[in-house]
Amino acid sequence: MSEAAATPPASLDFIREMIAADLAAGRNGGQVVTRFPPEPNGYLHIGHAKSICLNFGLAQEHAPNSRCHLRFDDTNPTKEEVEYVDSIMADVKWLGFDWGEHLFYASDYFEKLYGFAEQLITKGLAYVDDQTHEEMRANRGTLTSPGTRSAGADRSVEENLDLFRRMRKGEFKEGEKVLRARIDMASPNMNLRDPALYRILHAHHHRTGDAWCIYPMYDYAHPLSDALESITHSLCTLEFEHHRPLYEWLISNVDGLPGAPYQREFARLNLTYTVMSKRKLLRLVKEDLVNGWDDPRMPTISGMRRRGITAAAIRSFCKTIGLTKFNSLTEIALLEHSIREDLNKISHRAYGVLRPIKVVITNYPEDQVEHFEAPNHPEDPAAGTRQVPLCRELYIESDDFMEFPSDGFHRLKPGGEVRLKFAFCIICQEIIKDDAGNIVELRCTYDDATRHGKKPEGRTKPKGIIHWVSARHAVDATVRLYDRLFTVETPDADAGEDGDFAKFLNPTSCETITNAKLEPSLKDAAPGTHWQFERVAYFYADPIDSKPSAPVFNRTVTLKDGWVKK
RNA sequence: UGCCUCAUGGUGUAAUGGUAACACAGCAGAUUCUGAAUCUGUUAUUCAAGGUUCGAAUCCUUGUGAGGCAACCA
């Protein structure tokens, strides 16, 4: 059993309702067989996660006699690579799902699919066309006018069979011939105007090598592959809605299929401040606009993983967004909520100062060091505690000091008092500036009577509580602050038809801080672990760039900040 | 000047002819050794017009808006 929860949403979406009806009617022997069918031409993204959670989730919800297949839709060798196959399998597993024995490739069916094509030719339902690409397009008609059938469509079955066999043998060049279904050149649905079933591609396939030079089209291979695997419910996104009649045409016109699946469509995920098409993501990678598919700013599964987003958070997000046919735009805040919710539970706390200012506690002995005990998780005593060292000089966050405080600011200010979390309170007595007028140091005094949260009689408790790192013990670290990749909610739409979405790239989407001051316990943070730097954000020890005793941290998501400057 | 699909607070979803609800976001308060979390309260919703009905977010008609469709891509 995989770790992903098998509980369905509280109320049934239209797909689950349909499946429940099928089950109630006793169809498919009470089985639900789904499939996740990516083309290995890129890395998976959060939109795929929606489909993965749906398809694998359905199988889990109807366990034990249901299943979900992972099938690579590898029918176009010119775009597909094993690197993508490998990454897709890794991503699906990481998300917490398991296809078990049910790993398939459309290319495994090439021989069977070829046989079905001969069957269609024999029935007079498919023919070889030798029009050029341009002629085919011209003769297909337009959205408002019918097309005209190619003259070659009237060839005999024997001639078509012969031609198709010669296509397979490699007697023709690419583009010279194509196998087409004979349906309806006047259909208002363009997909039914004698769609192409096979094209000639003298290309090397990552699995079948040079065994084939004709390759089935998606519209042909997909329904038949589904049927061959006895898929019951073939779920895909809305843009395939118009392909459904063709899907059904193939299922009902091909004899000898073990299953009779049906296709239903749901809306794909759109998220604010990002792009979600493989083509655009590929461009970001190819043009070095990001640092690869797993750049933590990418909406790819691998990018999100590297940023520190958990599989549980992604699954929970997918549950929250639901499933409809409405073309929606989901706010990134919804994702961030799921991320924070999970990270809050699992992350140990630590102190990290991103933009340090030095504080000298003038009445603290020069060579004294003491340790304060701090819980690793405020809501989970089982997480234990750690000792945090403190000495006369320390660093605090520059945001936690204001020389001219605005209303409502209750951190450190001249003459003001704050609590150093888990230690004692300090009062700022003096500001030291350099010749240019920059603050370089704060001289403070501490009050011994305020240790461990104590408040002397008659004194008001300071509202401000800040984190700190002992200067002598601080670990210098590289911390990357990631922000949204784009400056606008809908880079796609805003760029327009042939506009360039790249112009909306956020120039400050990755800020690298090399001199963050971290508490010493963070020095040995294991790569791939999640942390909350208290009062700052959630961070992830980068699994690739971290070196022993020199972790590199990626900011996954900030903490919510309820304080608005006035 | 076609065909298909869709339309519920700012956002995502629920209500399946019978009290329009939940989550996120926002706002206010409580609490807090994280201005986090937690808790409480709160703002705000059925695209429009007709029709059917005792009763319509839901059914019908028309309109409006959005998305999709004319690869030998998937």
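So that the names make sense, note that chain A is the first sequence line, chain B the second, and so on, each numbered from 1.
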Interatomic distance, [X] [atom1] vs [N] [atom2] [rounded to whole Å]:
| X | N | atom1 | atom2 | value |
| --- | --- | --- | --- | --- |
| A:Tyr84 | B:C73 | OH | C1' | 15 Å |
| A:Tyr198 | B:C73 | OH | P | 14 Å |
| A:Ile15 | B:A14 | CD1 | P | 12 Å |
| A:Glu336 | B:A36 | CD | C1' | 15 Å |
| A:Leu246 | B:C3 | CG | C1' | 16 Å |
| A:Glu331 | B:U13 | CD | P | 12 Å |
| A:Phe539 | B:U34 | CZ | C1' | 14 Å |
| A:His467 | B:U34 | NE2 | P | 13 Å |

- Item | Summary of protein contacts for nucleotides 38-47 of chain B, nucleotide by nucleotide, where a base hit scores B, a sugar-phosphate-only hit scores S (4.0 Å, heavy atoms) | ----------

- Item | Protein proximity profile, nucleotides 64-70 of chain B - base contact B, sugar-phosphate-only contact S, no contact -, cut-off 4.0 Å on heavy atoms | ---SBBB

When the side chains of residues 169-179 of chain A are checked against the rest of the protein, which donor-acceptor pairs come out under 3.5 Å, sequence neighbours left out?
| unit_1 | atom_1 | unit_2 | atom_2 | d |
| --- | --- | --- | --- | --- |
| A:Glu171 | OE1 | A:Arg166 | NE | 2.6 |
| A:Glu174 | OE2 | A:His202 | N | 2.7 |
| A:Glu176 | OE1 | A:Lys173 | N | 3.1 |

- Query: Hey, does A:His452 reach any base, or is it just sugar-phosphate, or nothing, if we go heavy atoms under 4.0 Å?
  - Reply: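 Base: the residue A:His452, judged by heavy atoms under 4.0 Å, touches a nucleobase.
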
- Which part of the nucleic acid does A:Gln131 contact within heavy-atom distance under 4.0 Å: base, sugar-phosphate only, or nothing?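 Base contact.
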
- Task: Report yes if a donor N or O on one partner sits less than 3.5 Å from an acceptor N or O on the other, where the partners are the side chain of A:Gln532 and the base of B:U34; otherwise report no.
- Result: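 Such a pair is found, so the answer is yes.
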
- Query: Less than 3.5 Å between a donor and an acceptor, one on the side chain of A:Arg535 and one on the base of B:G35, is that the case here?
  - Reply: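 Counting by modelled atom types and ignoring angles, no donor-acceptor contact under 3.5 Å is found here.
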
If you look only at distance, which donor and acceptor atoms sit under 3.5 Å apart when one is on a side chain in residues 235-246 of chain A and the other is two or more places apart or in another chain?
| unit_1 | atom_1 | unit_2 | atom_2 | d |
| --- | --- | --- | --- | --- |
| A:Thr237 | OG1 | A:Glu239 | OE1 | 3.1 |
| A:Thr237 | OG1 | A:Glu239 | OE2 | 3.0 |
| A:Glu239 | OE2 | A:Arg268 | NH1 | 2.7 |
| A:Glu241 | OE2 | A:Lys325 | NZ | 3.2 |
| A:His243 | ND1 | A:Asp219 | OD1 | 2.6 |
| A:His243 | ND1 | A:Asp219 | OD2 | 3.2 |
| A:Arg244 | NH1 | A:Glu265 | OE1 | 2.8 |
| A:Arg244 | NH1 | A:Glu265 | OE2 | 3.2 |

From C-beta outward on [X], which listed nucleotide comes closest to its side chain: [options]?
| X | options | answer |
| --- | --- | --- |
| A:Arg411 | B:A36, B:G12, B:G35 | B:G35 |
| A:Met217 | B:A74, B:G2, B:G35 | B:A74 |
| A:Ser328 | B:U13, B:C72, B:U34 | B:U13 |

Is any side-chain N or O of [X] closer than 4.0 Å to OP1 or OP2 of [N]?
| X | N | result |
| --- | --- | --- |
| A:Arg199 | B:A74 | yes |
| A:Thr75 | B:A74 | yes |
| A:Thr324 | B:U13 | yes |
| A:Lys560 | B:A37 | yes |
| A:Lys461 | B:C33 | yes |

- Side-chain donor/acceptor of A:Lys278 to backbone N/O of A:Glu39, under 3.5 Å: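 At least one qualifying donor-acceptor pair exists.
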
- Task: Mind checking side-chain contact (heavy atoms from CB on, under 4.5 Å) for A:Pro223 and listing every partner two or more places apart, or none if nothing turns up?
- Result: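 A:Pro223 satisfies side-chain contact (heavy atoms from CB on, under 4.5 Å) with A:Tyr247, A:Leu250, A:Ile251 once adjacent residues are dropped.
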
- Query: Is B:A71 in the syn range, within 90° of 0, or in the anti range?
  - Reply: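 Chi for B:A71 falls in the syn range.
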
- According to a 3.5 Å limit on both distances, what stems of 3 or more consecutive Watson-Crick or G-U pairs are formed with RNA chain B?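 Stems found: B:2-7 with B:64-69, B:10-13 with B:21-24, B:26-30 with B:38-42, B:47-51 with B:59-63.
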
